[in-house]
Amino acid sequence: MNDLRLYVKYLRLHFLAGLQYKGWPLMMLQVLIVVISEPIGVILLISRFGRVGDWSSERILLIYALAVTGFGMAETFCRGFDYFPWRMIRSGDFDRLLLRPRSLFVQVAGSFFHIHRISRVAGGAAITLWCLHRLGVQPTALNVLVLVLALAGGCLVYSGVFVLTSGLAFFTIQGLEWIYILTNASYQVTRCPIDYMPWLLRRFFTFVLPILVISYLPAAAVCGWGRPYWQGLLALPAGLLFLAFSRIVWRIGVRHYQSTGS
């Protein structure tokens, strides 16, 4: 409970500090425009040439929106791990955290918070609601549960990617650029209809990095695309498992960390 209070206090302080910057509304607008404009190419393509098999623009956008909302939530609430490889390892600032009698995980997770990242969550949620309305999905208790668990699972998966990156940084000294294939590039994959996705990519983003588990399976369950509801409920367990694996890598990295003073 003390760790949770500390984390909430971190977020509150960063939020209030962010409000002091007069340009924060423009930054939020910038992120919102990026979220909305990224899938425009797919929308224009389908509006010009029609559906791709059974895939309409609403179908593709729904899967994309679920993934990007989960990513935005992870960016918002676990931003510290995204910055960790560059801001704490090379500079030696991690040594200061080791001296404090509080959870290292909580200290790193709450070390950064950017208010404008909330726009990615708001934009993704708005697109999700619009697609659900266009597809005629009823707001039943089960459908709402599946979608809520999908967003929670997405947040955990992408938080796990940030934690995994931070764990690897203990051995590589700085962040690895290719690791961002698992973040920004991964939710871009959801704009490709799964029926036309290469077999290798489909397996990777299902069983290794479960992006399709937190986006396609929940969408297919609530929209009736031939997937049972129990598969739509796998998002949260998949997120928990991936985050647990990432925390193991993180703990191994912490144990092998050599202080800048050693």
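Every value quoted in this text rests on a predicted model; they were computed, and no experiment measured them. Positions are given from 1, in the same order as the sequence printed here. Hydrogens, waters and symmetry mates are skipped; everything else that's a heavy atom, side chains included, is used.
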Inter-residue atom distance [X].[atom1] - [Y].[atom2], 0.5 Å rounding:
X	Y	atom1	atom2	value
Ile63	Cys192	CD1	SG	10.0 Å
Gln138	Asn143	CD	CG	8.5 Å
Leu164	Phe162	CG	CZ	11.5 Å
His133	Glu58	NE2	CD	10.5 Å
Leu66	Thr128	CG	OG1	4.5 Å
Arg134	Ser57	CZ	OG	7.5 Å

Are [X] and [Y] side-chain neighbours, meaning at least one heavy-atom pair lies under 4.5 Å?
X	Y	value
Asp54	Trp225	no
Phe113	Arg79	no
Val189	Ile211	no
Ile60	Pro193	yes
Met27	Tyr21	yes
Leu32	Ile36	yes
Gln107	Tyr10	yes

Say whether, by atom type as modelled, one donor and one acceptor occur between the side chain of [X] and the main chain of [Y] under 3.5 angstrom.
X	Y	answer
Ser166	Phe81	yes
Ser159	Leu156	no
Arg120	Val68	no
Thr206	Arg203	no

To check you understand the geometry: which heavy-atom pair defines the closest contact between [X] and [Y], and what is its length?
X	Y	result
Leu236	Leu149	CD2-CD2, 3.7 Å
Gly124	Val35	N-CG1, 4.0 Å
Ala150	Ala235	CA-CB, 3.6 Å
Thr76	Gly72	OG1-O, 2.7 Å
Ile214	Gly154	CG2-N, 3.7 Å
Ser119	Leu29	OG-N, 4.5 Å

Nonpolar side-chain network containing Leu129, other nodes, edges under 4.5 Å: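 For Leu129, no cluster forms, as it stays isolated from other hydrophobic side chains.
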
Verdict with reasoning, Cys223 to Leu62, per side-chain contact (heavy atoms from CB on, under 4.5 Å): CA-CA 10 Å; Cys223 294; Leu62 177 58; 3.6 Å; yes

Could you pull out every donor-acceptor pair under 3.5 Å between side chains of residues 238-253 and any protein atom, sequence neighbours left out?
unit_1 : atom_1 : unit_2 : atom_2 : d
Ser246 : OG     : Gly160 : O      : 2.8
Ser246 : OG     : Phe242 : O      : 3.0

Is there a path from [X] to [Y] through hydrophobic residues (I, L, V, M, F, W, Y) whose side chains come within less than 4.5 Å of each other?
X	Y	result
Leu26	Ile33	no
Val148	Val222	no
Leu13	Leu4	no
Val254	Phe171	yes
Ile127	Val144	no

Asn2 side chain to Tyr7 side chain, donor-acceptor N/O pair below 3.5 angstrom: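 No, no side-chain donor-acceptor pair sits under 3.5 Å.
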
Pairs satisfying ring pair (Phe, Tyr, Trp, His ring centres under 6.0 Å), at least one member in residues 190-219, at least two apart: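 As it turns out, there is no ring pair (Phe, Tyr, Trp, His ring centres under 6.0 Å) pair with a partner in residues 190-219 once direct neighbours are skipped.
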
Asp195 atom CG: more than 12 heavy-atom contacts under 6.0 Å: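 Yes, the 6.0 Å shell around CG holds more than 12 heavy atoms from other groups.
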
Whether over 12 other heavy atoms sit under 6.0 Å from Arg102 CZ: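 Open: at most 12 neighbouring heavy atoms sit under 6.0 Å from CZ of Arg102.
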
Intermediate values then yes/no, side-chain contact (heavy atoms from CB on, under 4.5 Å), Val213 and Val157: CA-CA 10 Å; Val213 179; Val157 167; over 6 Å; no

Pair Met197-Leu212, side-chain contact (heavy atoms from CB on, under 4.5 Å): steps then yes or no: CA-CA 11 Å; Met197 189 178 295; Leu212 296 178; 4.2 Å; yes

Plane angle bin for Phe94 and Phe84 - parallel if under 30°, tilted between 30 and 60°, otherwise perpendicular: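 Perpendicular, since the angle between the ring planes exceeds 60°.
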
Verdict with reasoning, Leu98 to Tyr257, per side-chain contact (heavy atoms from CB on, under 4.5 Å): CA-CA 11 Å; Leu98 292 171; Tyr257 174 70; 3.8 Å; yes

